[in-house]
Structures are given as structure tokens and as C-alpha cells.
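First comes the structure, then the notes that go with it.
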Amino acid sequence: MEKGSKIERIAVYPGSFDPVTLGHMDIIQRAAKQYDRLIVAVLNNLSKKPLFSVEERAQLLRQATADMPNVEVDVFRDLLVNYVDQKKAQVVVRGVRSVTDFEYELQIATTNRKLNENVETIFMMTNPLYSYLSSSVVKEIAQFDGDVSELVTPEVQAALKAKLHGK
Ligand code: ADP
């Protein structure tokens, strides 16, 4: 590399985001400050049965990040390390809420390192405000028409109502 040339620091934040919560948004906001570009990558995971389609999930993320100039939203179905390479990114960002999250994340990060040692996984600790929050919790509350206004954006709230109650 030439002296003085600057590499763009690009991070990928992968996940299911079914749907995006304020816990995810907190990680996105904080990660976006650390990198030149942050790619939020929605996993098209065929083994999970999501509530929202991958395009709906990406669209909700695009609305939620519309005012963040260095954040983009994409969809991927490849092996994560290959996707990261393809995007010329160097870092994978993951959020950690609990010891249970940590054990699972450690396993994935170690596997990814074996597959491609150039890809670094960076963990960000959850904001304590959202340590209990998951997409599953949001879906469960919304299913029974409970109030999720403090857990998700207004657009996600509306999308949940439409999807679950046809409103
Ligand atoms: P996945 O199916 O890949 O776990 P999720 O959409 O559930 O996808 O989560 C994506 C990432 O966001 C994971 O790293 C997860 O630990 C993190 N995350 C989820 N909820 C929160 C939260 N409330 N606070 C911080 N990080 C979170």
C-alpha cells in the first residue's frame, strides 16, 4: 500500500432484523460513528421462518436509517465472510446483550475467523436500556396487541399492526 493512501473503513452489521428494534438502532448509531461506512446486512436465512420478508425487513431498516448518511442497507444470502470480502469491508459488528449471546457469538466469530482470518468481529455491548429487547419479544407483545412504542420505530409499529392484525 502506498504511504499516505487512506483505506476506507467499512463495517458490516449482519442480522435477521425481523423486525429492527431500538436495540439494533442503538448499535447502528454507535457503529456508524466508528467507521467510514456501515452496511446493515439483512440475512435471507431460509432455515428461519421470519414474520417479515427480507425485502420488508430491509425497507423498515432503510426508513429507520434514512437520516444516517454513512449507513446503507443491503440483503445477503452468501456466507458472511464472503459477503464481507465482496463489500471490501474489514469488520463485522455484532451486539451482545448477555452471557448467552456471548457464547453464541463467540462460536460464530471463531468460525468466521477460521474461514477468513482477515475479517475481524467487533462486539458492542448493548445499551442497558435495551438489554432485554429482542425482535422475538417485540413480535410476542405485538401479537397480543400490546404497546411496543418504546421498543421500535413508529414505522415498525405500523408494519407490525398491519402484518399481525390487518390494520
Ligand atoms: P441474528 O438472527 O443474527 O441474531 P438479530 O436480528 O436477532 O439477528 O440480531 C442481530 C444482531 O443484533 C446480533 O448481534 C444481536 O446480538 C444484536 N442485538 C439484537 N438485539 C439487541 C439489543 N437489544 N441490543 C444490542 N444488540 C442487539
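For reference, positions follow the sequence shown, starting with 1. Ligands are counted one by one from 1 in listed order, and the atoms in each one are counted from 1 as well.
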Any ion pair linking [Y] and [X] (charged N to carboxylate O, less than 4.0 Å)?
X: E55; Y: R62; answer: yes
X: K163; Y: E56; answer: yes
X: D74; Y: K87; answer: yes
X: D18; Y: K49; answer: no

Starting from [atom], locate the nearest protein heavy atom and write down its residue, its atom name and how far away it is, to 0.1 Å.
atom: atom 9 (O) of ligand 1; value: H24 NE2, 3.5 Å
atom: atom 15 (C) of ligand 1; value: G95 O, 3.6 Å
atom: atom 6 (O) of ligand 1; value: F17 N, 2.9 Å
atom: atom 1 (P) of ligand 1; value: S16 OG, 3.6 Å
atom: atom 25 (C) of ligand 1; value: T126 OG1, 3.4 Å
atom: atom 4 (O) of ligand 1; value: R94 NH2, 3.4 Å
atom: atom 12 (O) of ligand 1; value: Y13 OH, 2.7 Å

Discussion item. When you compare ligand 1 with L133, is there at least one nitrogen or oxygen pair between them that comes in under 3.5 angstrom?
Written reply: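 Yes, L133 has an N/O under 3.5 Å of an N/O on ligand 1.
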Side chain, backbone, both or neither: which part of [X] comes within less than 4.0 Å of ligand 1 when only heavy atoms are counted?
X: I27; answer: side chain
X: L43; answer: neither
X: R97; answer: side chain

Item to complete: Mind listing the closest non-hydrogen atom pair of N70 and Y35 along with its distance?
Response: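 Closest approach of N70 to Y35: ND2-O, 3.2 Å.
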[X] heavy atoms, cut-off 4.0 Å: which ligand 1 atoms fall inside?
X: D101; value: 16 (O)
X: Y130; value: 22 (C), 23 (N)
X: G15; value: 3 (O), 8 (O), 10 (C)

Worksheet item: In Å, rounded to the nearest 0.5 Å, how long is the span from NZ of K139 to CG of L151?
Response: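 Separation between the atoms: 13.5 Å.
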Practice prompt. Decide yes or no for E117 and V119: does some side-chain heavy atom of the first lie under 4.5 Å from some side-chain heavy atom of the second?
Written response: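 Contact flag for E117/V119 side chains = no.
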Discussion item. Hydrophobic clusters here meaning ILVMFWY residues chained together by side-chain heavy-atom distances under 4.5 Å, can you tell me if L164 and V138 are in one?
Written reply: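 Yes, it is one cluster - the side chains of L164 and V138 are joined through contacts under 4.5 Å.
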Worksheet item: Side chains of S149 and D147: do they bring a donor and an acceptor to under 3.5 Å?
Response: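 Yes.
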Worksheet entry | Proximity flag Y132 to ligand 1, non-hydrogen atoms under 4.0 Å |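 In this structure, Y132 fails to qualify as a contact of ligand 1 - no heavy atom is under 4.0 Å.
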Worksheet item: Are any of the heavy atoms in E105 under 4.0 Å away from ligand 1?
Response: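 Under 4.0 Å: yes for E105.
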Discussion item. Tell me which one of I39, T65, L61 satisfies side chain to side chain contact (heavy atoms under 4.5 Å, CB included) with V71.
Written reply: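 The option that passes is T65.
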